[in-house]
Amino acid sequence: MEPAIKLSAGVSKWDIRQKVWDYIEDHNLADFPRPVHHRIPNFKARKMLLVPTPRLRSGLFNKIIPPLGASKDILRVCATSQGVKEYSVPIGLDAKVHVDLVVVGSVAVSHKGWRIGKGEGFADMEYAMMATMGAVGENTTVVTIVHDCQVVDIPEELVADHDLTVDYILTPTRIIKTDCKRAKPQAIIWSKVTWELMQRIPILKSLQDRERQAGKDVRLKDERTSEDKEKTALMGAAGAEPRLPNSQSRSARVGQRDLQSNTEAVTTVYVGNIPQSMRAGEFKNMLRESNASPVRLSWQGAQHRAFLDYKDASAAQRVVSSLQGLNISGNTLLVELSTSRRSRMSGNPLSQKQD
């Protein structure tokens, strides 16, 4: 069966998401909530589904316990985020849980089992967390339920190590066995986790502490970047200054970091013609997928633009080349270097400034 949606060469994940969302809306294929843009589309598949804690805010699993004699209306509520709050009990990280089947939502999926979600990474993180807990293993089957139009040809270069793949695709007309050979996430890849994500998913802190006690390297992406830059700075200074005793060296490094964080020069990239419907979080996810995450993001969504700060001019130029001509929701981004280099206070990576 030929895919309902044809994809051209060189497409990005955002191109695929937009085409699928547009097709579903144009053909009135999904259930509530509508429109489906920036969501995992809902379909009636007559399946009983158990869901993780919404957005992983307070844990990983919740066990839904409907009241005795629950009506159909109450059972429908149980399958919603409100139902998780009212009719469930949390399952702790120490619980001995084995998951045989994982049902995951998708925006797009390929016959080979490669999957694209809505761009926030929750499904990938949920599976990695389950793997860390020992709740899933090589015999766990992953299924996604989509409309036929969501089955598309996804380029392999868009699939990363942390991306969850699927074993079966269920549509209203067929069941597709993917025979996917690509390994699923076996653990949390801490080097890809940011402080921002840690704040959004508090349970990650508990898992990080456990793995740290087990002797694993749990440094976050932000920590590794800072350490690498510090090592480079110290190596560059080694030939120019005498080596200090440990206590003085530590003080010097602290002072050096404080000075650098306050007055560090950056190169700024201007991004214009951003779609009105795009949210700041979605823009950040797009930058991550394009390996274009800045040290600071100034978001001006009302003006359809953003300013991205980078540590050096070469990194900024690579981002301009990478994003130039990118089409999102029918808008071709305007990307160029800002007219001047600025020195400004360096905030947290991907910090958001609202004007």
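For the numbers below, each heavy atom of this structure counts, side chains included, while hydrogens, waters and symmetry mates do not.
Listed by chain and residue number, Ala70, Ile74, Tyr87 satisfy the side-chain contact (heavy atoms from CB on, under 4.5 Å) test with Pro67 (two or more places apart in sequence, or in another chain). Listed by chain and residue number, nothing satisfies the salt bridge (charged side-chain N to carboxylate O under 4.0 Å, His left out) test with Asp26 (two or more places apart in sequence, or in another chain). With sequence neighbours excluded, no residue forms a side-chain contact (heavy atoms from CB on, under 4.5 Å) with Ala9. For the side chain to side chain donor-acceptor pair (under 3.5 Å) test, no residue two or more places apart in sequence or in another chain qualifies with Ser110. With sequence neighbours left out, the salt bridge (charged side-chain N to carboxylate O under 4.0 Å, His left out) criterion links Lys6 to Glu2. Residues passing the ring pair (Phe, Tyr, Trp, His ring centres under 6.0 Å) test with Tyr168, sequence neighbours excluded: none. Not counting sequence neighbours, the partners of Arg210 by the side chain to side chain donor-acceptor pair (under 3.5 Å) test are Asp94. In this structure Asp15 satisfies the salt bridge (charged side-chain N to carboxylate O under 4.0 Å, His left out) test with no other residue, sequence neighbours excluded. By the side chain to side chain donor-acceptor pair (under 3.5 Å) test, Ser329 is found to be paired with Gln18, residues two or more places apart in sequence or in another chain being considered. Residues meeting the side-chain contact (heavy atoms from CB on, under 4.5 Å) test with Lys205, sequence neighbours left out: Met198, Gln208, Asp209. For Asp179, the side chain to side chain donor-acceptor pair (under 3.5 Å) criterion is met by Lys177, not counting sequence neighbours.
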For Val159 and Ile116, run side-chain contact (heavy atoms from CB on, under 4.5 Å): C-alpha distance rounded to whole Å, both residues' side-chain angles, the deciding distance at 0.1 Å, then the answer.
CA-CA 9 Å; Val159 185; Ile116 294 178; over 6 Å; no

With side-chain contact (heavy atoms from CB on, under 4.5 Å) as the test, would you mind laying out the steps for Val193 and Ile188 before giving the verdict?
CA-CA 8 Å; Val193 177; Ile188 298 172; 4.0 Å; yes

Given Leu326 and Met286, is the side-chain contact (heavy atoms from CB on, under 4.5 Å) satisfied, shown in steps?
CA-CA 11 Å; Leu326 183 63; Met286 182 273 290; 3.7 Å; yes

Ile274 vs Asn331, test: side-chain contact (heavy atoms from CB on, under 4.5 Å). Steps then yes/no.
CA-CA 7 Å; Ile274 297 173; Asn331 287 32; over 6 Å; no

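Ala123 approaches Val104 most closely through the heavy-atom pair CB-CG2, 3.5 Å. Here the shortest heavy-atom pairing between Leu333 and Leu323 reads CB-O, 4.4 Å. Shown here for Ala292 and Tyr310, the closest heavy-atom pair between the two residues is O-OH, 2.5 Å. For the residue pair Pro41 and Ala30, the shortest heavy atom distance occurs at CB-CB, 4.5 Å. The two atoms that bring Asp312 and Thr267 nearest to each other are C-OG1, 3.7 Å, heavy atoms only.
Looking at Glu336, its side chain never comes within 3.5 Å of a backbone N or O of Val271 through a donor-acceptor pair. Within the 3.5 Å criterion, the main-chain N or O of Gly281 finds a donor-acceptor partner in the side chain of Asn285. Under a 3.5 Å cut-off, the side chain of Tyr23 and the backbone N or O of Gln150 do not form any donor-acceptor pair. Between the side chain of Trp190 and the backbone N or O of Leu220 there is no donor-acceptor pair closer than 3.5 Å. Of the possible polar contacts, one joining the Thr132 side chain to the Ala128 backbone as a donor-acceptor pair under 3.5 Å is found. In this structure a side-chain-to-backbone donor-acceptor pair under 3.5 Å is missing from Asp148 to Thr171. Judged purely by atom type and a 3.5 angstrom limit, Thr178 uses its side chain to pair as donor or acceptor with the backbone of Asp167. Proximity of a side-chain donor or acceptor of Glu211 to a complementary backbone N or O of Lys216 within less than 3.5 Å is not detected. Remark: the backbone N or O of Arg39 is paired with a side-chain donor or acceptor of Trp21 at under 3.5 angstrom.
In this structure, SG on Cys149 lies 4.5 Å from CD1 on Ile5, to the nearest 0.5 angstrom. One distance of note links NE2 of His38 with CZ of Arg279; it measures 5.5 Å at 0.5 Å rounding. The distance from the CG atom of Asn42 to the CG atom of Leu29 is 13.0 Å, given to the nearest 0.5 Å. Atom OG in Ser293 sits 9.5 Å away from atom CG in Leu308 (nearest 0.5 Å). With values rounded to the nearest 0.5 angstrom, Ile175 atom CD1 is found 10.0 Å from Ile145 atom CD1. Within the model, atoms CD1 of Ile169 and NE2 of His111 stand 6.5 Å from one another, a figure rounded to the nearest 0.5 Å.
Considering only heavy atoms from C-beta on, Tyr270 stays 4.5 Å or farther from Leu337 through its side chain. Using a 4.5 Å heavy-atom threshold, the side chains of Ser322 and Val319 count as separate. Within the 4.5 Å cutoff, the side chain of Leu204 has heavy atoms near those of the Met129 side chain. With a 4.5 Å cut-off on side-chain heavy atoms, Asp153 and Pro3 count as touching. A heavy-atom distance below 4.5 Å is found between the side chains of Phe122 and Ile201. The side-chain heavy atoms of Val102 and Met130, taken from C-beta on, include a pair separated by under 4.5 Å. Under the 4.5 Å side-chain criterion, counting only non-hydrogen atoms from C-beta, Lys221 is not in contact with Lys192.
At a threshold of 4.5 Å between side-chain heavy atoms, the hydrophobic network of Ile, Leu, Val, Met, Phe, Trp and Tyr places Leu297 and Val320 in one connected group. The same ILVMFWY cluster, assembled from side-chain heavy atoms under 4.5 Å apart, contains both Val136 and Val166. Val109 and Tyr127 fall within the same hydrophobic cluster, defined by Ile, Leu, Val, Met, Phe, Trp and Tyr side-chain heavy atoms under 4.5 Å apart, directly or through other members. Linking Ile, Leu, Val, Met, Phe, Trp and Tyr residues whenever their side-chain heavy atoms come within less than 4.5 Å places Val103 and Leu170 in a single cluster. Linking ILVMFWY residues whenever their side-chain heavy atoms come closer than 4.5 Å, directly or via other members, places Val151 and Leu164 in the same cluster.
Contact check on Lys19 versus Asp22 returns no salt bridge, with no Lys/Arg side-chain nitrogen under 4.0 Å from an Asp/Glu carboxylate oxygen. Between Lys184 and Asp161 there is no salt bridge, since no side-chain N of the basic residue sits under 4.0 Å from a carboxylate O of the acidic one. The existence of a salt bridge linking Lys284 and Glu289 is excluded, since no basic side-chain nitrogen approaches an acidic carboxylate oxygen closer than 4.0 Å.
With hydrogens and angles left out, the side-chain atoms of Glu282 and Trp14 include no donor and acceptor closer than 3.5 Å. Of the N and O atoms on the side chains of Asn273 and Arg305, not one donor lies less than 3.5 Å from an acceptor on the other residue.
Among pairs with a residue in residues 138-147, those fulfilling side chain to side chain donor-acceptor pair (under 3.5 Å) read Ser106-Thr144, at least two apart in sequence or across chains.
Among the candidates Arg182, Lys13, Arg115, the single residue satisfying the salt bridge (charged side-chain N to carboxylate O under 4.0 Å, His left out) test with Asp163 is Lys13.
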